[in-house]
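Reminder, nothing fancy here: chain letters follow the sequence lines and each chain counts from 1.
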Protein chains: 2
Amino acid sequence: MTAAIAIADASGLAAVSMRAVAARLETGAASLYRYLSSRDDLLDLMADRVAAELRPYPEPDGDWLDTLVRMARAQRAVHERHPWLFELSQRASAIGPEALAFFDACLKVMAPVEAPFAAKFEAIGMMNGVAILFARKRTAGESLTFVGLDVTPYPYLLAAFSEPVSAPPATDLFERALRSLLRGLLTPDGA
Amino acid sequence: MTAAIAIADASGLAAVSMRAVAARLETGAASLYRYLSSRDDLLDLMADRVAAELRPYPEPDGDWLDTLVRMARAQRAVHERHPWLFELSQRASAIGPEALAFFDACLKVMAPVEAPFAAKFEAIGMMNGVAILFARKRTAGESLTFVGLDVTPYPYLLAAFSEPVSAPPATDLFERALRSLLRGLLTPDGA
DNA sequence: TGTAAACTGCAAACATCGTTCGCAGTTGCG
DNA sequence: CGCAACTGCGAACGATGTTTGCAGTTTACA
């Protein structure tokens, strides 16, 4: 449901209650159960709907690693656009056709790679994980709050805070990390 | 509360309700609010209590990278022991003294590294993320369920499944991935 | 010791949640 | 027209986190 996604984008996953979605649709909460079997169903649909934003998949031209990196970048973008997707990705639920299509597209890109399916499977999982990891880093930012905590027992932390803040280092770590990880996973030699 | 952690270990985070914890303590649900201000408070305490299992921190002998890898391994072990910790780590809540102590210990290990604090901060975040990533991989396993989905539209996926399963590749990818990531983040040259 | 103040435990109640039930109103079809 | 199937949804159920009010107990001080 587009309405549910709009609510989640605006106010987070917790705000996606059946009553809230129904209200946005100007109907009653019970009516939703004519189309959905449960709230979990709704969440699955949301995840799959948003997975469609990964399209169109890049054509596997040139290096397969380049193509995979481009796909991972798309994944990261989607996760930045919809931060609540992270919460969904951890639920053990049925994966939808869009997610499966993306999976298939990854396999297609990896077709020229000589590696067992298990390795490719793991590689896709890692790619997904790294994409989420970096998306969260940007989303959450430096929102660490040492609320009311005395930092004096932590000398190194204290010293670090007294250092003048410098420019963020961040050359494109995302791409480098992903490349070395995938290469390590899919090619016989080490990284 | 130890009781809450026991419940979470046994039945997952969702089972940690105020009433369930109170029942385990043979008391009433409302009584808990004499010691906790909310359920979120309880979850924060659980996370910090479990972070204490990261002790004792290794002495920074030899290479700092070796030591960090050892600490990341401890993190992964904790996440495997308490899978619900993953759900907690995504909440933007106050971090407790144990987590801060671990953070401080990481900084201590990184003391000989010539890098701005921001880079070290990111490195710790990445180390944490990778540890969780690998812990989840082992916990969740291959529990993907293409429940009732027709896979014929996904030719590469179909082909992959027809391949005979081979032994898991998994040389110690965890360590290699972590090393290259941390090195890339903390040293001037590329990985 | 006696009394007032403070603290503690907790049953009951409230708001909100996901979900189910049953009943009207509508539609489709012979 | 009549009947069956479908649709929308108010009301209610069970569970959740949290608040409230009231007893029972401990503490502090004259």
Sugar-phosphate or base contact per nucleotide [nucleotides 6-11 of chain C; S, B, -; heavy atom under 4.0 Å]: --BBBB
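In the helix from C:dT1-D:dA30 to C:dG30-D:dC1, the end axes, each obtained as the rotation axis mapping the C1' atoms of four pairs onto the next four within a five-pair block, lie 10° apart to the nearest 10 degrees.
For DNA chain D, the residues of residues 7-19 of chain A within the heavy-atom distance limit of 4.0 Å (strictly under) are A:Arg19, sorted by number. A heavy-atom distance below 4.0 Å to DNA chain C is reached by these residues of residues 38-46 of chain A, ordered by number: A:Ser38, A:Arg39.
Checking side-chain atoms of B:Tyr156 against main-chain N and O of A:Ala111 turns up no donor-acceptor pair under 3.5 Å. Although no hydrogens or angles enter the test, the distance criterion places a donor-acceptor pair under 3.5 Å between the side chain of B:Asp48 and the main chain of B:Ala99. In terms of modelled atom types and a separation under 3.5 Å, the side chain of A:Arg39 and the main chain of A:Val16 share a donor-acceptor contact. With hydrogens and angles disregarded, no donor-acceptor distance shorter than 3.5 Å links the side chain of B:Ser37 to the backbone of B:Tyr33. Side chain of B:Ser11 to main chain of B:Ala8: no donor-acceptor pair is present (N/O by atom type, distance under 3.5 Å, no hydrogens or angles).
Contact check for B:Leu45 versus B:Tyr35: no side-chain heavy atoms found under the 4.5 Å cut-off. Side-chain contact check for A:Phe134 versus A:Leu173: some heavy-atom pair is nearer than 4.5 Å.
Separation of the B:Phe103 and A:Tyr154 ring centroids does not fall under the 6.0 Å cut-off.
Between B:Cys106 and B:Ile124 the shortest heavy-atom distance is CB-CD1, 3.6 Å.
For the atom pair CG (A:Leu107) and CG (B:Leu158), the distance works out to 11.0 Å, reported to the nearest 0.5 Å. From A:Leu181, atom CG reaches atom CG of A:Leu68 across 11.5 Å, with rounding to the nearest 0.5 Å.
Counting only residues at least two apart or on different chains, the salt bridge (Lys or Arg N to Asp or Glu O under 4.0 Å) pairs with a member in residues 92-111 of chain B are B:Arg55-B:Glu98.
Taking 4.0 Å as the cutoff to heavy atoms of chain A, we find the contact window on DNA chain D bounded by D:dT7 to D:dA12.
Note on ring orientation: taking the six-membered ring where Trp is involved, the planes of B:Phe121 and B:Phe117 are perpendicular (angle over 60°, cut-offs 30° and 60°).
The distance between atom OH of A:Tyr33 and atom P of C:dC23, rounded to the nearest whole Å, is 21 Å.
One hydrophobic cluster holds both B:Leu42 and B:Leu25 under the rule that ILVMFWY side chains link at heavy-atom gaps under 4.5 Å.
When A:Arg183, A:Met110, A:Arg70 are each tested for a side chain to side chain contact (heavy atoms under 4.5 Å, CB included) with A:Leu65, only one passes: A:Arg183.
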